[in-house]
Amino acid sequence: MRTLFRKILVPIDGSDAALRAANYAKGVAEKFDSAVTLLHIIEHPGYLLTDTKDLPLNLIEDMDKNGEQVIAEALAIFADFAGRISTKLEYGHAGKKITELSKENGYSLIVMGRRGLSGVKQLLMGSVSNYVLHYSQCPTLIIKGEKQ
Ligand SMILES: Nc1ncnc2c1ncn2[C@@H]1O[C@H](COP(=O)(O)OP(=O)(O)OP(=O)(O)O)[C@@H](O)[C@H]1O
Ligand SMILES: [Mg+2]
């Protein structure tokens, strides 16, 4: 039973919803002795271009810096997880990257927020959580219950 969730992937975007999901994932990881990876995808338009020189350099730098902050903030939750916490910063389409990585690297569980940073009130779920829930091939836990 303890090996049920050996590796947990926690996609984070800097939102409160994602931090709540990270805290939830921590509880699961403590129970199941899991290793946790915090993953942030930088979605700057450069990943669509063949030549990122077409993008203003300061935009790329700002997004990279923000990505590092997003990771650092969530990493603080796992301060006592030495040896079984890792982080990943990737570029691309968030939903696709999360789904691909979870498959390629054999994750046993994804834990993520229902909503994220943009939080369009009319929608029940954000586009990233919606995408991952549809296309992931491993158990996927969407943490609900955030303030509307
Ligand atoms: N760039 C990202 N990198 C990693 N995880 C992400 C990223 N964006 C969103 N997530 C994950 O997906 C969850 C839901 O966020 P999502 O982006 O789907 O909602 P939203 O921002 O409210 O809506 P939308 O972005 O579709 O307008 C977040 O709580 C987080 O766990
Ligand atoms: Mg979003």
Side-chain angles (χ1 to χ4, degrees), residues 4-32 34-50 52 54-81 84-148:
L4 191 60
F5 299 132
R6 202 183 290 272
K7 288 171 72 177
I8 303 179
L9 184 63
V10 184
I12 46 168
D13 62 351
S15 64
D16 287 348
L19 285 178
R20 287 183 64 247
N23 273 298
Y24 203 98
K26 186 184 183 189
V28 177
E30 281 165 348
K31 267 257 180 298
F32 289 92
S34 330
V36 175
T37 303
L38 300 169
L39 168 67
H40 178 64
I41 317 293
I42 296 175
E43 286 196 295
H44 68 54
Y47 79 86
L48 294 170
L49 305 170
T50 45
T52 47
D54 291 349
L55 271 180
L57 191 61
N58 58 354
L59 170 71
I60 298 177
E61 281 173 357
D62 283 355
M63 293 188 89
D64 284 357
K65 245 184 244 150
N66 177 64
E68 279 158 21
Q69 278 169 16
V70 166
I71 297 261
E73 189 184 22
L75 197 54
I77 296 171
F78 294 88
D80 54 340
F81 260 54
R84 56 189 180 113
I85 180 77
S86 58
T87 65
K88 242 185 178 53
L89 202 55
E90 293 274 340
Y91 296 88
H93 177 283
K96 278 190 191 149
K97 276 280 169 195
I98 294 164
T99 310
E100 280 167 16
L101 264 169
S102 64
K103 197 176 164 195
E104 284 162 13
N105 297 333
Y107 282 91
S108 27
L109 178 69
I110 300 171
V111 181
M112 64 195 297
R114 181 174 73 106
R115 304 291 293 273
L117 280 179
S118 76
V120 179
K121 294 267 187 294
Q122 287 80 358
L123 296 177
L124 285 177
M125 264 175 88
S127 60
V128 179
S129 46
N130 190 46
Y131 185 99
V132 175
L133 195 54
H134 277 86
Y135 293 106
S136 69
Q137 290 179 20
C138 70
T140 300
L141 190 54
I142 305 287
I143 305 305
K144 299 168 92 172
E146 76 277 14
K147 282 189 212 106
Q148 293 294 313

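Read the numbers this way: they start at 1 and go in the same order the structure lists the ligands and their atoms.
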Using a plain distance cutoff, I'd like to know if E43 has any nitrogen or oxygen under 3.5 Å from a nitrogen or oxygen of ligand 1. no
Between T87 and T37, is there a side-chain heavy-atom distance shorter than 4.5 Å? no
Y135 and Y131 aromatic ring geometry - parallel, tilted or perpendicular at 30°/60° bounds: tilted
Does S15 come within less than 4.0 Å of ligand 1, judged by its heavy atoms? yes
Gap between atom CG of L141 and atom OG of S129 - 0.5 Å precision: 12.0 Å
Nearest protein heavy atom to atom 13 (C) of ligand 1, by residue and atom, and its distance? G113 O, 3.2 Å
Can you tell me which residue and heavy atom of the protein come closest to atom 23 (O) of ligand 1, and the distance to 0.1 Å? S118 OG, 3.1 Å
Purely on distance, is any nitrogen or oxygen of A17 under 3.5 Å from one on ligand 1? no
With a 4.5 Å heavy-atom cut-off, do L39 and V10 have their side chains touching? no
Would you say R114 has any N or O atom under 3.5 Å from an N or O of ligand 1, going by distance alone? no
L9 vs L109 side-chain heavy atoms within contact, under 4.5 Å: no
Between L38 and K88, is any pair of side-chain heavy atoms under 4.5 Å apart? no
Of the backbone atoms (N, CA, C, O) and the side-chain heavy atoms from C-beta on, which set of V10 has a member under 4.0 Å from an atom of ligand 1: side chain, backbone, both, or neither? neither
Identity and separation of the nearest protein heavy atom to atom 28 (C) of ligand 1: R115 O, 3.5 Å
Looking only at protein heavy atoms, what sits closest to atom 30 (C) of ligand 1 is P11 O, 3.5 Å
A94 N/O to ligand 1 N/O under 3.5 Å: no
Mode of L39 contact toward ligand 1 - side chain, backbone, both, neither (heavy atoms, under 4.0 Å): backbone
Which heavy atom of D80 sits nearest a heavy atom of K26, and at what distance? OD1-NZ, 3.2 Å
Does an N or O anywhere in M112 fall below 3.5 Å from an N or O of ligand 1? no
Return the closest protein heavy atom for atom 8 (N) of ligand 1 as residue, atom name and distance. D13 CB, 3.4 Å
Which residue and heavy atom of the protein sit nearest atom 26 (O) of ligand 1, plus the separation: S127 OG, 2.5 Å
V70 versus D13: any side-chain heavy-atom pair under 4.5 Å? no
Would you say P11 and I110 make side-chain contact, with heavy atoms under 4.5 Å? yes
Flag I98 as yes when one of its N or O atoms lies below 3.5 Å from any N or O atom of ligand 1, and as no otherwise. no
Do R114 and I143 make a side-chain contact, defined as non-hydrogen atoms from C-beta onward lying under 4.5 Å apart? no
Please list the nearest protein heavy atom to atom 20 (P) of ligand 1 with its residue and the distance rounded to 0.1 Å. G116 N, 3.2 Å
Could you check whether any side-chain heavy atom of V36 comes within less than 4.5 Å of a side-chain heavy atom of R84, counting everything from C-beta outward? no
Suppose we measure from atom 3 (N) of ligand 1 to each protein heavy atom; which comes out shortest, and what is that distance? I41 N, 3.0 Å
